[in-house]
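Read the structure below first, then the notes.
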Amino acid sequence: MKHNLTVYNTLTRKKELFKPLKEPFAGMYVCGPTVYGDPHLGHARPAIVFDLVFRYLKHLGYKVRYVRNITDVGHLEQDLDEGEDKIAKKARLEKIEPMEVVQYYSDRYYHFMELLNVERPSIEPRASGHIIEQISMIERILKAGYGYVVNGSVYFDVEKYNKSYHYGKLSGRKLEDLIANTRELEGQAEKRNPVDFALWKKAPPDHIMRWSSPWSEGFPGWHLECSAMGTKYLGEEFDIHGGGMDLLFPHHEGEIAQSRVANGKDAVRYWLHNNMITINGKKMGKSLGNAVTLEELFSGKHPLLEQAYSPMTIRFFILQAHYRSTLDFSNEALRGAEKGLKRLMTGIELLNKLSPSENNQDPGSRIKDLVASCYAAMNDDFNSPVLIANLFDGLKMIYALKEGKMKLTTKELMQLKELYDTYVFDILGLKDETSADQSETVDELMNMIIKMRKNARDKKEWDQSDQIRDELAKLGINIKDTNEGATWEKE
RNA sequence: GGUCUCGUGGCCGAGCGGCUAGGCGGCGGUCUGCAAAACCGUAUACAGCGGUUCGAAUCCGCUCGAGACCUCCA
């Protein structure tokens with residue numbers, strides 16, 4: 001495959017040329033949501049970022065298998081013996097079955113991801129459906145000598161692991177520092193060392209989510225599912241593992257250790273991490289109580305929101321920042337994204353209406369250059385903000401064509417159209433929202449009204465024409481007079 | 001406390017040693033019966049102080065400030 005895509009590998013802290021294990025195949029695993037709450041803006045970022053990666057890899061010609069899990073068990077609320085997992089807690093609070101909670105929030109997640117035009121991954125495995133694989137992995141870890149059983153729970157022996165491997169190599173930590181900084185938490189008596197983590201937890205009597213295992217009735221530890229499912233669907237070694245930066249430690253560190261000893265090799269070749277979304281400079285997080293859900297965002301019903309923002313505005317907003325930078329949320333920034341996206345879409349609409357000029361009059365290599373810089377941006381660790389800047393630059397060319405200040409041959413115009421089509425819709429995954437829900441009847445009615453207004457205008461009956469415009473404005477319909485006649489738009 | 005990241009014009013956000021990022025907003029203009037929209041043009045920046053260099057937003061040091069991880073989190 002010919003390309004020079006470089007990706008920033010958290011493991012090496014460098015950009016590296018992307019070379020998959022088995023061309024033309026590429027395998028990617030991304031940590032998905034824990035389905036115990038409504039999806040919020042924070043969920044949108046990794047979903048959109050890795051959707052971009054997925055789309056671009058496919059565009060380059062790879063046959064991509066993209067696996068994104070749904071976490072529906074485990075994830076202890078606290079690392080305490082009596083800790084219960086989030087889903088069980090939510091279920092108890094709402095007096096429903098845990099799987100009901102899981103079903104409900106999974107559906108919500110899928111619904112909102114679809115609105116954001118996030119493509120469904122190739123496989124979306126659930127932790128609860130892979131208990132057998134997880135148990136088998138624990139057995140392999142025990143067999144390798146890196147786990148120990150206490151009272152029906154199984155723990156990973158981090159200190160022993162660190163003697164042969166480097167625990168903390170992904171997050172840049174040293175075990176001594178970790179041990180020195182471990183907080184004193186209660187109920188850790190079972191562990192040999194506070195840095196050890198659970199592979200299997202024996203369920204307390206009142207814990208509702210439980211499965212039988214060789215050690216106890218219980219549930220798997222919280223790093224295990226990703227190791228087990230990644231191995232199952234992508235093999236013992238695969239190309240990309242993605243997730244939020246907040247998962248770097250300890251989640252991904254745990255994954256590395258588990259896979260290493262269970263499979264005898266490092267599983268992941270490129271670790272990619274998206275940065276966080278901040279709100280007033282602080283990380284947005286469910287546990288911090290400052291998360292804005294996607295539903296609130298799309299409806300505008302949240303104290304922080306001055307208006308509703310469409311799914312594509314959110315998508316564009318996220319893509320306008322590089323995935324490894326924090327992205328600060330504000331109404332002003334969001335409004336800016338909304339306007340910018342509209343400008344881009346209007347330009348594309350115009351482009352599609354343009355016809356080529358007969359004579360080829362020095363188009364230069366501007367289109368070739370534009371195409372090249374778009375590829376260069378994406379090949380540079382998926383630099384979507386630079387890509388978008390290039391697309392805005394190209395807009396000037398489109399308007400110059402319209403004004404007749406520039407001429408393009410049929411072939412060149414086709415190339416330009418193809419560029420926008422490919423990059424805006426296929427790769428960035430944006431879509432035009434404006435004309436989405438107009439029925440034919442409405443269209444024809446509006447054409448009729450515009451015609452009537454034009455008649456009035458032709459007769460210079462300004463009172464009449466302004467009245468039509470004002471009345472429509474009250475209905476949220478804006479008339480825009482252009483040189484080619486009037487168009488309308490619903491707010 | 002430990003580890004790490006970052007501080008760019010009113011706002012968001014690229015930039016990885018020399019060449020205009022881009023978007024939103026502002027200002028000026030074109031178009032227009034008026035208005036809006038649209039388009040064109042344009043100003044404002046690199047937290048501070050030192051250092052390296054012919055040359056620094058970009059490298060180094062210090063100061064100040066913000067944030068992340070170390071506990072579930074995207």
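For the numbers below, each heavy atom of this structure counts, side chains included, while hydrogens, waters and symmetry mates do not.
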Evaluate the criterion side-chain contact (heavy atoms from CB on, under 4.5 Å) for residue pair Phe219(A) and Lys201(A); output intermediate values, then yes/no. CA-CA 5 Å; Phe219(A) 49 94; Lys201(A) 289 289 279 187; 3.7 Å; yes
Readout for nucleotides 22-33 of chain B: B = base within 4.0 Å of protein heavy atom, S = sugar-phosphate only, - = neither; 5' to 3' it is SSSS-----S-B
Just do the side chain to side chain donor-acceptor pair (under 3.5 Å) check on Glu225(A) and Thr71(A) with the steps written out, would you? CA-CA 8 Å; Glu225(A) 53 175 296; Thr71(A) 297; 3.0 Å; yes
What integer distance in Å separates Asp177(A):CG from rC4(B):C1'? 12 Å
Centre-to-centre under 6.0 Å for His111(A) and Tyr105(A), is that the case here? no
What is the nucleic acid contact for His322(A), judged by heavy atoms within less than 4.0 Å: base, sugar-phosphate only, or nothing? sugar-phosphate
If we take the C1' atom in both rA68(B) and rG25(B), what is their distance in whole Å? 30 Å
C1'-based separation of rC40(B) from rG7(B) [nearest Å]: 35 Å
Checking all strands, does Gly42(A) fall into the base, sugar-phosphate, or nothing category for heavy-atom contacts under 4.0 angstrom? base
Would you please indicate if the ring centroids of Phe18(A) and Phe382(A) are separated by under 6.0 Å? no
rC19(B) and rA35(B): how far apart are their P atoms, nearest whole angstrom? 42 Å
Distance check needed: rA66(B) C1' versus Ile279(A) CD1, whole Å only. 17 Å
Once you round it to whole Å, what is the distance between P of rA38(B) and CD of Glu349(A)? 13 Å
Distance-only side-chain donor-acceptor flag, Asn331(A) / Tyr309(A), under 3.5 Å: yes
Counting just side-chain N and O atoms, does Asn383(A) come under 4.0 Å of either OP1 or OP2 of rG15(B)? yes
So, is Ser325(A) near the phosphate of rA14(B), with a side-chain N or O under 4.0 Å from OP1 or OP2? yes
Mind checking the C1' distance from rG26(B) to rA56(B)? Whole angstroms is fine. 30 Å
Please determine whether a side-chain nitrogen of the Lys or Arg among Glu349(A) and Lys342(A) lies less than 4.0 Å from a carboxylate oxygen of the Asp or Glu. no
Separation between the C1' atoms of rG41(B) and rG61(B), rounded to whole Å: 43 Å
Compile the donor-acceptor pairs under 3.5 Å between side chains in residues 453-466 of chain A and protein atoms, sequence neighbours left out, one pair per line.
unit_1	atom_1	unit_2	atom_2	d
Arg453(A)	NE	Ser465(A)	O	3.2
Arg453(A)	NH1	Asp481(A)	OD1	3.2
Arg453(A)	NH2	Asp481(A)	OD2	3.1
Lys454(A)	NZ	Asp458(A)	OD2	3.0
Ser465(A)	OG	Trp462(A)	O	3.2

What is the distance, to the nearest angstrom, from the CG atom on Leu354(A) to the C1' atom on rC39(B)? 14 Å
Pairing check on rU52(B): which nucleotide meets the Watson-Crick or G-U wobble criteria with it, both distances under 3.5 Å? none
Picking from rU71(B), rC40(B), rC70(B), which would you name as closest to the side chain of Trp222(A)? rU71(B)
For atom CZ of Arg13(A) and atom P of rC6(B), their distance in whole Å: 11 Å
Nearest-Å distance once atom C1' is located in both rC16(B) and rC11(B): 25 Å
Take atom P in rU58(B) and the same atom in rG51(B), then report the distance between them in whole Å. 14 Å
Looking across every strand, which nucleic acid part, if any, lies under 4.0 Å from Ile277(A) by heavy atom: base, sugar-phosphate, or nothing? base
Residues from residues 112-120 of chain A sitting under 4.0 Å of RNA chain B, heavy atoms only? none
Can you pull every protein N or O that's under 3.5 Å from an N or O on nucleotides 67-69 of chain B?
unit_1	atom_1	unit_2	atom_2	d
rG67(B)	OP1	Lys282(A)	NZ	3.1
rC69(B)	OP1	Lys283(A)	NZ	2.1
rC69(B)	O2'	Arg173(A)	NH2	2.9

Protein-nucleotides 56-61 of chain B N/O pairs closer than 3.5 Å?
none

Paired with rA68(B) by Watson-Crick or G-U wobble geometry, both distances under 3.5 Å: which nucleotide is it? rU3(B)
Considering Watson-Crick and G-U wobble pairs with both distances under 3.5 Å, what does rC27(B) pair with? rG41(B)
Quick check: on RNA chain B, is the nucleotide nearest Gly172(A) upstream (toward 5') of the one nearest Ser330(A), or the reverse? Name the residue that is more 5'. Gly172(A)
Using the ring centroid of each side chain, check whether Tyr155(A) and Phe197(A) are separated by less than 6.0 Å. no
rG2(B) P sits how many Å from Lys174(A) NZ, rounded? 13 Å
Under a 4.0 Å threshold between the charged nitrogen and the carboxylate oxygen, would Arg192(A) count as salt-bridged to Glu159(A)? no
Determine the interplanar angle of the Phe316(A) and Phe392(A) rings, folded into 0 to 90°, and report it as parallel if under 30°, tilted if 30 to 60°, perpendicular if over 60°. perpendicular
Here the distance between atom P of rA38(B) and atom OH of Tyr399(A), to the nearest Å, is 8 Å
In this structure, how many angstroms lie between the P atom of rC12(B) and the CG atom of Asn275(A), rounded? 16 Å
Once the angle between the rings of Phe298(A) and Phe112(A) is folded into 0 to 90°, is it parallel (under 30°), tilted (30 to 60°) or perpendicular (over 60°)? tilted
For residues 39-47 of chain A, dump all side-chain donor-acceptor pairs below 3.5 Å to protein atoms at least two apart in sequence or in another chain.
unit_1	atom_1	unit_2	atom_2	d
His40(A)	ND1	Gly42(A)	N	3.0
His43(A)	ND1	His40(A)	N	3.0
Arg45(A)	NE	Asn275(A)	O	3.3
Arg45(A)	NH1	His322(A)	O	3.4
Arg45(A)	NH1	Ser325(A)	O	3.4
Arg45(A)	NH2	Met276(A)	O	3.2
Arg45(A)	NH2	Ser325(A)	O	2.3

Pair His166(A), Tyr161(A): side-chain N/O donor-acceptor within cut-off below 3.5 Å: no
Does the gap between the ring centers of His252(A) and His273(A) come in under 6.0 Å? yes
Indicate whether any N or O donor in one side chain lies under 3.5 Å from an N or O acceptor in the other, for Tyr323(A) and Asp381(A). yes
Below 4.0 angstrom, N of the basic side chain to O of the carboxylate: do Glu306(A) and Arg335(A) qualify? yes
Taking atom C1' in both rG13(B) and rU8(B), compute the distance separating them and give it to the nearest angstrom. 9 Å
Between Lys405(A) and Lys15(A), which is nearer to the 5' end of RNA chain B once each is assigned its nearest nucleotide? Lys15(A)
